[in-house]
Amino acid sequence: MLNKAGSVAVKAPSGRVGLKKQARRMRAKGLFGRIWQYRLSYLFIAPFMLCFIAFILIPVIAAIGLSFTYFNAIEAPRFIGWQNFQYLLSQDLLFLKHALPNTFVFALIVGPGGYAAAFLLAWLITQLPEKSRRWYALAMYTPSLTAGIAMSIVWLPMLSGDRIGYLNSLLLQLGLIEVPKLWVTDKDYLMNSMIVVTLWSSMGVGFLAMLAGLLGVNKELYEAGKLDGICSRLQEIWHITIPSMKPQMLFGAVMAIVATFKAGAIGVELSGVNPTPEYAGHLIINHIEDYGFIRFEMGYAAAISVFLLILMYASNKLSWSLFGSKEGE
Amino acid sequence: MTAFVSKALGPIGRLGRKRRRSRLNRMDGFQWVLTILLTLLAVFMLMPIVYIFNHALKPYHELFIYPPNLLVREATLQNFSELFLVAANSTVPISRYLFNSVIITGAAVVLVTVVSALCAYPISKHKFPGHELVFAAILLTLMFAPEVVQIPRYLVVSYLGLMNTYPGHILPLLAMPVGVFLLKQFIDQIPNDLLEAARIDGAGEFTVFLRVVIPVCMPAVATVAILTFQSSWGNIETSSLFMQDDEMKNFPFFLSTLTSNQANLVARQGAAAAAALILFVPSLIIFLLLQGKVIATMAHSGIK
């Protein structure tokens with residue numbers, strides 16, 4: 001009895017170990033087997049992944065590595081641990097007082113605002129007759145197509161601080177203001193001007209994707225919806241259009257986040273000076289450029305961009321969860 | 001909730017129903033109002049394009065007026081002749097820069113769309129081990145500030161021996177995470193049944209990809225092509241960082257040298273304005289062609 005029990009006790013673990021080993025071997029074989037089974041998929045992604053790894057992944061990993069070093073782009077990087085991040089979050093007054101809050105304000109208004117505007121305009125264009133759609137799409141996309149020229153021709157004369165500036169002369173004539181306002185050089189107005197101009201030019205990739213997505217929504221769904229009692233356009237959008245173009249909406253959201261957090265040149269372009277007056281338009285990207293290309297502290301610049309990456313990742317998660325919950329409704 | 005919305009939106013709802021009845025023959029009131037409003041907005045948005053065309057035709061005494069005139073008063077072609085004069089006197093003929101630009105952009109547009117689509121399809125539909133990791137990496141790198149990766153990227157290019165070669169121009173452009181992300185989102189929408197049906201009919205993976213996935217996702221493919229064209233046609237970065245030989249640089253780079261390194265801000269502004277127009281027109285044409293394709297294919301897309 002005891003012997004039996006002992007033998008069982010001895011046997012059981014060994015058997016279990018054997019099973020475990022076998023399972024592990026099976027699993028390893030299974031993983032390799034699955035990888036082999038999917039070899040065609042890997043062949044499909046190989047060309048992109050090779051370029052991606054060489055020109056994006058390795059440089060990004062290198063930059064993350066650099067964020068833990070002191071690197072002035074001439075001498076070899078010197079490892080300094082977390083010092084860059086400690087300085088960034090405790091002593092860098094320019095960053096904490098200006099770059100970070102400015103970026104938050106800018107992103108909170110421009111991100112959702114530009115996103116909503118892109119969807120609204122894309123939807124309005126799809127409501128037009130088919131023949132003229134392409135021309136309206138061109139018009140809305142113009143700012144992205146002409147980039148810098150749009151800025152210098154439309155906005156600089158419009159927001160010019162003297163009384164010749166279009167906006168000032170209009171407001172003066174209407175009697176709404178008595179003195180010309182310095183739209184782009186006064187620290188109180190600069191941020192507002194930046195937000196307006198960026199919203200105007202926010203019809204980028206996200207807009208094109210949403211337009212294509214909207215046009216691709218199955219027309220029969222609308223007919224079915226009508227039978228189910230949907231009778232207004234707003235209901236149509238909410239119950240049919242948005243759910244059936246969720247992937248494009250998600251793409252638009254991610255691109256809106258990326259675009260707003262990566263915006264930086266706008267303040268300098270508008271005000272014409274770098275840094276912007278009293279750092280009123282100083283964004284995180286300006287801070288990165290300042291340290292990277294003016295002071296040549298590449299290690300510290302890399303640390304700031306790692307911080308920016310974390311910030312973007314967090315807001316990305318937020319938008320992802322927002323769209324995830326909408327599915328459950 | 002639904003009842004409340006429909007009550008609140010009663011009038012709009014009635015308008016919607018009226019629209020449906022008359023949709024086949026003519027535009028309704030909603031569309032008329034919309035057309036007028038959007039046209040006003042469009043005119044405002046289109047100002048830069050009008051400006052580029054007019055600016056290239058302005059004589060010197062009109063080029064520097066501030067605030068700038070939108071329309072040209074005395075149109076002249078002297079800017080173009082100045083550009084040809086500058087080009088004739090440069091050490092490398094202008095045709096060489098244009099040739100480089102055309103080769104690079106053509107190759108980039110074709111290769112990026114093919115390579116991105118090839119990558120997006122398995123990520124979306126195959127669920128191979130590691131597909132989530134690959135997608136997460138693509139998304140994450142999209143968010144990294146481009147400024148700080150310049151030095152490591154320069155090192156990679158020089159280590160691979162791509163300096164002063166056409167691949168040095170093209171390969172960095174091939175890694176366009178936005179394209180893969182966009183195409184993956186569109187391929188997600190294709191019902192699996194459609195792909196299954198094709199496989200049951202005996203199609204291999206490559207045939208499914210070429211005959212089913214690509215045609216259905218044509219709008220996304222066209223969008224990626226537009227983006228690639230824009231980023232490669234106006235790309236100065238690879239020319240200034242990776243190319244030391246003048247013969248290997250592209251047209252936008254030549255354009256940027258017209259006005260920089262000048263003692264004053266007046267010289268060659270006319271030539272620069274003409275060159276800006278020449279640089280811009282292809283983007284415009286490509287956008288209109290491909291955007292037309294987006295709208296046309298949508299009308300008869302394969303999914304039902």
Side-chain angles (χ1 to χ4, degrees), chain A residues 31 34-35 38 40-41 44-45 47-48 51-52 54-60 62-63 73 124 127-129 133-134 136-140 142 145-146 149-150 153-154 157 164 205 208-209 212 215-216 231-235 247-248 250-251 258 285 288-289 292 298 301-302 305 308-309 312-313, chain B residues 5-6 9 12-13 16-17 27 31 34-35 38 42 45-49 51-52 67-68 115-116 118-119 121-122 126 128-129 137 141-145 147-149 151-153 156 171-172 174-175 178 180-182 185 188-189 205 219-220 223 227 283 287-288 291-292 294-295 298 301 303:
Chain A
L31 183 65
R34 278 184 41 158
I35 288 180
Y38 281 108
L40 200 62
S41 312
F44 268 58
I45 68 167
F48 178 82
C51 292
F52 177 75
F55 297 108
I56 298 189
L57 202 60
I58 290 175
V60 165
L124 288 176
Q127 300 299 306
L128 290 172
R133 275 178 200 160
R134 154 190 350 195
Y136 287 97
L138 169 70
M140 302 307 152
T142 301
L145 213 54
T146 53
I149 294 169
I153 163 68
V154 180
I164 309 172
V205 211
L208 288 185
L215 289 164
C231 53
S232 78
R233 281 173 210 256
L234 284 184
Q235 274 182 314
Q248 285 84 9
L250 194 58
F251 176 80
V258 170
I285 287 288
I288 294 175
E289 275 172 4
M298 292 306 290
S305 50
L308 183 65
L309 176 73
M312 276 159 120
Y313 183 72
Chain B
V5 172
S6 71
L9 301 170
I12 306 177
R17 239 170 304 167
M27 301 211 296
Q31 277 189 320
L34 197 65
T35 309
L38 277 183
M45 298 287 243
L46 278 173
M47 268 157 65
I49 293 186
Y51 175 80
I52 292 176
V115 162
S116 309
L118 272 177
C119 181
Y121 170 56
H126 281 182
F128 58 88
T141 51
L142 206 59
M143 300 179 196
F144 208 82
E147 280 78 6
V148 282
V149 296
I151 291 181
R153 185 181 275 193
V156 167
L171 289 180
L174 275 194
V178 184
V180 174
F181 182 28
L182 178 69
Q185 296 301 92
D188 275 350
Q189 278 187 319
E205 276 309 296
T223 307
L227 291 178
S283 299
F287 180 85
L288 282 174
Q291 189 59 33
V294 170
I295 285 160
M298 270 316 177
S301 91
I303 310 179

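Throughout, protein chains are lettered first and strands after them, A, B, ... in sequence-line order, and every chain is numbered starting at 1.
Residue contact with chain A, scored on non-hydrogen atoms closer than 4.5 Å, involves the backbone and the side chain of B/V178 alike. Both the backbone and the side chain of A/V60 come within contact range of chain B, each with at least one heavy atom under 4.5 Å from a heavy atom of that chain. Proximity to chain B involves both the backbone and the side chain of A/L145, based on heavy atoms less than 4.5 angstrom apart.
With respect to chain A, the highest number of heavy-atom pairs below 4.5 Å among B/P122, B/P129, B/P48 belongs to B/P129. The residue among A/A62, A/A137, A/P247 with the most heavy atom pairs within less than 4.5 Å of chain B is A/P247. Annotation: maximal heavy-atom pairing with chain A below 4.5 Å, among B/A137, B/A42, B/P172, occurs at B/P172. Considering only heavy-atom pairs separated by less than 4.5 Å from chain B, the leading option among A/V258, A/V205, A/I56, A/I285 is A/I56.
For the atom pair A/T146 OG1 and B/I52 CD1, the distance stands at 5.5 Å (nearest 0.5 Å). With rounding to the nearest 0.5 angstrom, the OH atom of A/Y136 is 8.5 Å from the CG atom of B/L34. Within the model, atoms CZ of A/F251 and CG of B/L182 stand 4.0 Å from one another, a figure rounded to the nearest 0.5 Å. Note that the CG atom of A/L128 and the OG1 atom of B/T35 stand 5.0 Å from one another [nearest 0.5 Å]. Rounded to the nearest 0.5 Å, atoms CE (B/M47) and OG1 (A/T142) are 11.5 Å apart. Between the CE atom of B/M45 and the CE atom of A/M140 there is a distance of 5.5 Å, given to the nearest 0.5 Å.
A heavy-atom distance below 4.5 Å is not found between the side chains of B/L174 and A/F52. Within the 4.5 Å cutoff, side-chain heavy atoms of B/F128 are placed close to those of A/I45. Looking at B/L171 and A/F55, their side chains come closer than 4.5 Å, going by heavy atoms from C-beta outward. Looking only at side-chain heavy atoms (C-beta outward), B/H126 and A/L40 stay at 4.5 Å or farther from each other. Taking 4.5 Å as the limit, some side-chain heavy atom of A/L138 sits within range of a side-chain heavy atom of B/F287. Residues B/Q291 and A/R133 have side chains not in contact (no heavy-atom distance under 4.5 Å, counting atoms from C-beta outward). The closest side-chain heavy-atom distance from B/C119 to A/F44 is not below 4.5 Å.
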Checklist entry - Taking it one step at a time, do B/V180 and A/F48 satisfy side-chain contact (heavy atoms from CB on, under 4.5 Å)? => result CA-CA 9 Å; B/V180 174; A/F48 178 82; 3.5 Å; yes
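Heavy-atom minimum distance, B/M143 versus A/M312: O-SD, 3.2 Å. A pairwise comparison of heavy atoms in B/A145 and A/I288 identifies CB-CD1, 4.0 Å as the closest pair. Heavy atoms only, all atoms of each residue included: A/P59 and B/P152 are closest at CA-CB, 3.6 Å.
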